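See structure below.
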Amino acid sequence: MKKQVVTFVLLTAFFLAGCTQEKISPVSSVNNTPQIEEIPADIRTLLDQYTVEEEIDISEIAPLSANFDSSMLSDSMYDFYIVTFLWGKLQHTSPPTDLITDWSGSLSVNGPSKVFALLPIYFEHNEDSLIPEDHPNGEMWASSTQNDFDGILFLVLYDKLTPTFAPQILTFDTEPITLQFDFQQLVHMQALYQVDSVNGVAVSSQKIQPIVCPEGHFAGSWIKADSSQSEGSFEGLWFSHSGDTVGYVNGIFWTNEEGHGLLEGAVSGYQTDQVIAILNGIWVYDDYRLCPMCGMGHGKFKGQFSLLENDANGFFRGEFGNYELPPNDQIMPFHGRWHIDCVHFVTDDFPSLP
């Protein structure tokens with residue numbers, strides 16, 4: 001079985017290869033009282049490959065289920081969990097076996113919470129698969145292993161507001177073993193359950209803090225064109241919330257006939273010069289060193305932007321200049337933050353542009 005390290009951004013890109021063939025023979029069930037074993041270092045390392053940042057851009061998540069509704073990712077009624085299950089022969093210490101174990105089963109919740117598969121792990125084409133049944137509170141799969149293992153990475157949406165008659169439990173249900181977890185356990189855990197001398201189930205879970213509305217920052221230079229200091233240009237880098245460079249920002253600023261400062265610009269891709277966003281905004285000097293709110297060594301700006309790829313809109317704001325630099329400097333630093341507009345974002349701080 002060929003092992004590959006999978007990063008979170010590749011969750012929906014491909015299925016990985018894994019299982020084998022031959023006569024299927026289920027192992028004896030240990031559904032009654034499964035025992036948690038100490039996790040060997042190699043299995044812990046394997047589970048760590050399927051962890052994600054505690055804070056992630058929730059827009060990157062794309063479950064495979066047709067029942068998935070992306071609006072749930074911005075619904076405050078849910079807490080979000082990433083849960084990984086691996087099953088089969090997880091260690092190479094035991095001798096090879098001729099028997100194939102049937103791990104077909106389900107992961108579900110006994111309540112209004114939701115379970116969605118993000119990535120099959122080491123599923124082999126035409127042998128293992130997700131089952132596209134209409135199961136609103138869980139996922140089902142077909143899987144078998146011999147001298148290897150399979151697994152699935154899940155997104156679990158815990159409904160924390162809808163009243164229930166009993167505590168909600170996440171249930172991993174297969175013929176070899178059934179495991180149940182309450183959501184307090186799932187906040188942060190890793191566990192190994194030994195099924196028999198060959199097979200086991202490894203579990204990794206973490207509660208994540210979704211960044212529902214993508215955000216980031218930008219920085220660069222604010223360049224005055226002449227001594228009037230009423231027009232010029234700006235240029236810099238556009239960063240994601242994690243600090244990765246995702247593009248270049250550049251544009252111009254000027255003062256109209258009514259004396260209002262206006263700006264416009266664009267964000268282009270970091271690897272290509274393709275324009276990915278258009279910016280429009282206002283700016284004003286507010287350097288108090290020469291006279292109240294009229295000096296030209298510092299200023300503020302704010303505005304709106306539109307992403308061309310998906311028609312999403314957002315807001316940006318920032319400042320230019322530095323009170324430690326001379327007020328008449330022609331090239332000044334500028335920096336700010338951007339934020340996609342969404343249901344959790346308060347826009348009162350960004351009034352309509354003139």
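Note that the structure is predicted; figures quoted are calculated from it, not measured.
- At least one donor-acceptor pair under 3.5 Å links the side chain of T174 to the backbone N or O of I177.
- Here CG of L155 is found 6.0 Å from CD1 of I208. Values are rounded to the nearest 0.5 Å.
- Judged by distance alone, with hydrogens and angles left aside, the side-chain atoms of T171 form no donor-acceptor pair with the main-chain N or O of D173 at under 3.5 Å.
- The main-chain N or O of D244 is found under 3.5 Å from a side-chain atom of S240 such that the two form a donor-acceptor pair.
- Of the inter-residue distances, the one linking S143 atom OG with L130 atom CG reads 10.0 Å to the nearest 0.5 angstrom.
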Subject >> side-chain contact (heavy atoms from CB on, under 4.5 Å) evaluation trace for T164 with N110 >> reply: CA-CA 9 Å; T164 58; N110 61 328; over 6 Å; no
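- Separating the CG atom in L153 from the OG1 atom in T84 is a distance of 4.0 Å, to the nearest 0.5 Å.
- Separation of the F315 and H339 ring centroids does not fall under the 6.0 Å cut-off.
- There is no side-chain donor-acceptor pair under 3.5 Å between D273 and S268.
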Original post:
Is there a side-chain contact (heavy atoms from CB on, under 4.5 Å) between F85 and V83 once you walk through the steps?
Top reply: CA-CA 7 Å; F85 285 90; V83 185; 3.4 Å; yes
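- Every residue meeting the salt bridge (charged side-chain N to carboxylate O under 4.0 Å, His left out) condition with D79, not counting sequence neighbours, appears here in chain and number order: K160, K207.
- Taking the six-membered ring where the residue is Trp, the centroids of Y285 and W222 are separated by 6.0 Å or more.
- Residues Q190 and D48 approach most closely at NE2-OD1, 3.1 Å, considering heavy atoms.
- The number of heavy atoms from other shown groups lying within 6.0 Å of CD (E258) is above 12.
- Across all non-hydrogen atoms, the minimal contact from F239 to F218 is CD1-CA, 4.1 Å.
- Listed for the T97 side chain is a donor-acceptor partner under 3.5 Å among the backbone atoms of L99.
- Residues T162 and P112 come closest through the heavy atom pair CB-CG, 3.8 Å.
- Defined by atom type and a distance below 3.5 Å, a donor-acceptor pair is present between the side-chain atoms of N199 and T101.
- Here I331 is tied into one hydrophobic group with I223, each link being a pair of ILVMFWY side chains closer than 4.5 Å.
- You'll find the side chain of I282 reaches within 4.5 Å of the side chain of L262, heavy atoms only.
- Ring to ring, F149 and Y122 are close: their centroids are under 6.0 angstrom apart.
- Of the possible polar contacts, none joining the D329 side chain to the M332 backbone as a donor-acceptor pair under 3.5 Å is found.
- At least one side-chain heavy atom of F181 sits under 4.5 Å from a side-chain heavy atom of V203.
- Remark: side-chain polar atoms of E264 are not paired, donor with acceptor, to backbone N or O of N280 under 3.5 angstrom.
- One distance of note links CD1 of I82 with CG of L186; it measures 12.0 Å at 0.5 Å rounding.
- L325 and F234 sit in two unconnected hydrophobic clusters of ILVMFWY residues. Membership requires side-chain heavy atoms under 4.5 Å apart, directly or through other members.
- A donor-acceptor pair under 3.5 Å links the side-chain atoms of Q168 to the main chain of D159, judged by distance alone.
- Between W141 and F123, the gap from one ring centroid to the other reaches at least 6.0 Å.
- Residues S108 and N137 bring no donor and acceptor atom of their side chains to less than 3.5 Å of each other.
- By the 4.5 Å heavy-atom criterion applied to side chains, R44 and L47 are not counted as neighbours.
- Side chain to side chain, H298 and D286 meet the donor-acceptor criterion of an N or O pair below 3.5 Å.
- Under the 4.5 Å side-chain criterion, counting only non-hydrogen atoms from C-beta, F116 is not in contact with F154.
- Contact record, F334 with E235: CE2-O, 3.3 Å, taken as the closest heavy-atom pair.
- Using a 4.5 Å cut-off on side-chain heavy atoms (C-beta onward), L90 and L192 make contact.
- Cluster partners of L308 are V275, I278, counting Ile, Leu, Val, Met, Phe, Trp and Tyr whose side-chain heavy atoms approach within less than 4.5 Å, directly or via other members.
- A single hydrophobic cluster is not seen to contain both L237 and I276; linkage of ILVMFWY side chains at heavy-atom distances under 4.5 Å, directly or through other members, places them apart.
- Results of the ring pair (Phe, Tyr, Trp, His ring centres under 6.0 Å) test with W238 over Y248, Y270, F305 single out F305 as the only residue that passes.
- Residues I43 and A202 come closest through the heavy atom pair CG2-CB, 4.0 Å.
- S204 OG to Q206 CD: the interatomic distance, rounded to the nearest 0.5 Å, is 6.0 Å.
- No side-chain donor-acceptor contact under 3.5 Å links N250 to the backbone of V267.
- In this structure, T45 contributes its side chain and A41 its backbone to a donor-acceptor pair below 3.5 Å.
- Contact check for I121 versus W87: no side-chain heavy atoms found under the 4.5 Å cut-off.
- The CG atom of L263 sits 12.0 Å away from the NZ atom of K302 when rounded to the nearest 0.5 Å.
- Taking each heavy atom of F183 and L170 in turn, the nearest pair found is CE1-N, 4.4 Å.
- For W283 and W254, the ring centers sit 6.0 Å or farther from each other.
- No donor-acceptor pair under 3.5 Å is formed between the side chain of S205 and the backbone N or O of M189.
- Looking at F80 and L157, their side chains come closer than 4.5 Å, going by heavy atoms from C-beta outward.
- One hydrophobic cluster, built from ILVMFWY side chains closer than 4.5 Å, cannot hold both I169 and Y78; they sit in different ones.
- Within the 4.5 Å cutoff, no side-chain heavy atoms of W103 are placed close to those of D150.
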